[in-house]
Each structure stands twice: as structure tokens, then as C-alpha cells.
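I have placed the structure first, in the form of C-alpha cells, so that the comments after it can refer back to it.
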Amino acid sequence: DTQSVRADNQANSSSKRTQYPLTMTTYGPDGREYSMTFEKAPERVVAVYQGCIETLLALGLEDRIVATAGLDNEVPDDLKAAFSATNYLDEFTPSKETVTMLEPDMIFSWVSYFREGTLGTPDEWIHKGTNVYVNTNTAVSQDSLENEFNDILNIGKIFDVQDKAEEIVNNMKDTIATVKEAAAAQSGNPSVLVIENLNGTFTNYGANSIAGDMVTQLGGTLANPDASTVGKEDIIAANPDVIFVVYMPYTGDDPEAVTQEHLNNILEDEALASLSAVQN
């Protein structure tokens, strides 16, 4: 009947379809731009590292994955069934020989994977007919949430699942909008440090990091926006209102114990006892 035809037409009009061949740009080592063409949606993908694997699984593409590798942690519960259907490799970072034997038509990974001693440069693979997509925030100097959104949308285009990709990105943006609204209602503009203790040296997540981007967007002020590392003297001089401690519990670790260990690096250090964030 006419009503069903109208409903079908509305459903079809809301569904974006990829027109192949599709030309896509990605970034390799040193921020170099690479252009490649997809004649059709890839069918044999090698995905290395957590975010790349989880993006493909969230888009329902597990049947397109020929191998996965490089997980620091288990995937989220809602993706475990899909992940179990993939071939997870013994090598945390698979070698060029291993990947070549898998005969992939696409590799999705971090930029650090595409160097001499690992997989070589992206153009080596593109020249051989294997397309490459690199997580943008691992390859450019300015990390941002926008880069993450664009990566998800680009993968959606490559695999012709644009509606699903847009749904994921819109849900993320809705969450961010809700948090921003709540933050705007707070009084004050706290100074913030986001740091990670790596064997006594503190990595500082500044203005060029996603964490720094989050702090700024939520109305905070980064205490050391330009520094890549900070020492205890820098932390004391900044005396931030808030310190976020970055840490990673790996598979098999007790997450609560790892959390406490990293917090104690700040809370139990006598040199940092005078800090406002420690006192409060």
C-alpha cells in the first residue's frame, strides 16, 4: 500500500551508500599524506591495536577481519562475542612476513606499526595492492576528538556502513554535549594537570593531546599546556587544583591495585605533599 511504500522510501533516503571506487587519505610516519583507492569494501583486514580492533567490531565488521593483534586489554563485554570470531595472532605486533602471508586487502593500525623493522612504509603496501588506514591521532601532531570521529566515519565509508558509523559518532557527541552542559553549570575555572608516571618521569598530556582537548573543552585550564614531560619541580610550581593520573591495567592485572599504585606515586610522595590537589 501507499503508506508502506512511503515508509520504504524514507528508510532508503536515510541510508547513505558508498559509491566505489572510493578515494581515501590517511597519514603515515612524519605526518605524510597517503592517498589510496578502494574498488570495493575490504574483505581481508588485519587490525592491530586496541582502538582499531574495537572500531571494526563496533561497526559489525568482524566477518571482514582476517586477523587481529596487539590488545592491551580485553575488548568491552558487548564486543566479546564478535571478537571471539576473529583470528587473534600470537605476535603482539605481527611481522611483515606474517601479515604478507595473510594476504590482506587492508591494514588498520597505528602509525608506529608502519616503520622500518615492523611493516615498512604505507606506500609499500599500497603499491602491492593492500590499502592502509592509520589511526589519525597516532600520526599527526595535534590530537583531537574530531580526529577520532573522522576515523570512525571514514571506516564507515570504506566498508559501506555509514549509517552505523554516524550513529556511533552522534552518540559520542551527545554524551560530550551532556557533560559540557553539566560542566558549564559549575563555578570556577580549575587549573588541571593530566600526567602519567613512566619510571619516574611524568608524561604531560598538554594542549596537543586528546586529554588536554577534553580539559579545555570542559572549561578547565591546562597548567602546563606546552610541555611533553614534567618533573616534580614543575608540578609543584604549577600547583594545579586538579591532577588526573593516567594509568593502564593490562590483562591479568588487578585494576584496583594498579589504580592505587599510580595514585600513591602522587599522594605518598613527601615532595608533593604541599600540593593543593593532594591536600584537598
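Just so it is clear, the structure is predicted and the values come from calculations on it, not from any experiment. Note that these values count all heavy atoms, side chains included, but never hydrogens, waters or copies made by symmetry.
When side chains are defined from C-beta on, Ser15 counts as touching Arg17, because their heavy atoms get closer than 4.5 Å. Taking 4.5 Å as the limit, every side-chain heavy atom of Thr37 sits out of range of all side-chain heavy atoms of Leu22. Within the 4.5 Å cutoff, no side-chain heavy atoms of Thr259 are placed close to those of Pro249. In this structure, Ser144 and Phe149 have side chains that are not in contact, with every pair of non-hydrogen atoms separated by 4.5 Å or more. Taking the side chain as every heavy atom from C-beta outward, Phe108 and Ile53 never approach each other to under 4.5 Å. Contact of the Leu119 side chain with the Ile107 side chain is registered, since non-hydrogen atoms from C-beta on lie closer than 4.5 Å. With contacts defined as side-chain heavy-atom distances shorter than 4.5 Å, the pair Val134/Trp110 does not qualify. Residues Lys16 and Lys157 are not in side-chain contact: their nearest non-hydrogen atoms beyond the backbone lie 4.5 Å or more apart.
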Please determine whether side chain to side chain donor-acceptor pair (under 3.5 Å) holds for the pair Thr178 and Thr175, giving the CA-CA distance in whole Å, both sets of side-chain angles, and the decisive distance to 0.1 Å. CA-CA 5 Å; Thr178 302; Thr175 301; over 6 Å; no
The test is side chain to side chain donor-acceptor pair (under 3.5 Å); show your working for Glu166 and Asn170 and say whether it passes. CA-CA 6 Å; Glu166 287 185 5; Asn170 288 338; 5.2 Å; no
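Of the possible polar contacts, one joining the Asn204 side chain to the Ala227 backbone as a donor-acceptor pair under 3.5 Å is found. Side-chain atoms of Thr203 do not come within 3.5 Å of backbone N or O of Thr229 as any donor-acceptor pair. Judged by distance alone, with hydrogens and angles left aside, the side-chain atoms of Asn147 form a donor-acceptor pair with the main-chain N or O of Gln142 at under 3.5 Å. No donor-acceptor pair closer than 3.5 Å links the side chain of Thr136 to the backbone N or O of Asp151. In terms of modelled atom types and a separation under 3.5 Å, the side chain of Glu62 and the main chain of Thr86 share no donor-acceptor contact. A donor-acceptor pair under 3.5 Å links the side-chain atoms of Asn280 to the main chain of Ser276, judged by distance alone. Judged by distance alone, with hydrogens and angles left aside, the side-chain atoms of Asn131 form no donor-acceptor pair with the main-chain N or O of Met106 at under 3.5 Å. Looking only at distances, no side-chain donor or acceptor of Thr26 sits under 3.5 Å from a matching main-chain atom of Tyr133. With hydrogens and angles ignored, the 3.5 Å screen pairs a side-chain donor or acceptor of Asp234 with a backbone N or O of Gly231. In this structure, Ser191 contributes its side chain and Thr221 its backbone to no donor-acceptor pair below 3.5 Å.
Of the charged side-chain nitrogens involved, none lies within less than 4.0 Å of a carboxylate oxygen, so that Lys40 and Asp160 do not count as a salt-bridged pair. A salt bridge does not link Arg44 with Glu103: every distance from a Lys NZ or Arg NE/NH1/NH2 to an Asp or Glu carboxylate oxygen is 4.0 Å or more.
Ring centroids of Phe83 and Tyr88 are separated by less than 6.0 Å, placing the two rings close together.
Between Tyr49 and Phe92, the ring-plane angle classifies as tilted under the 30° and 60° cut-offs.
Judged by distance alone, the side chains of Gln217 and Asp213 do bring a donor and an acceptor atom under 3.5 Å apart.
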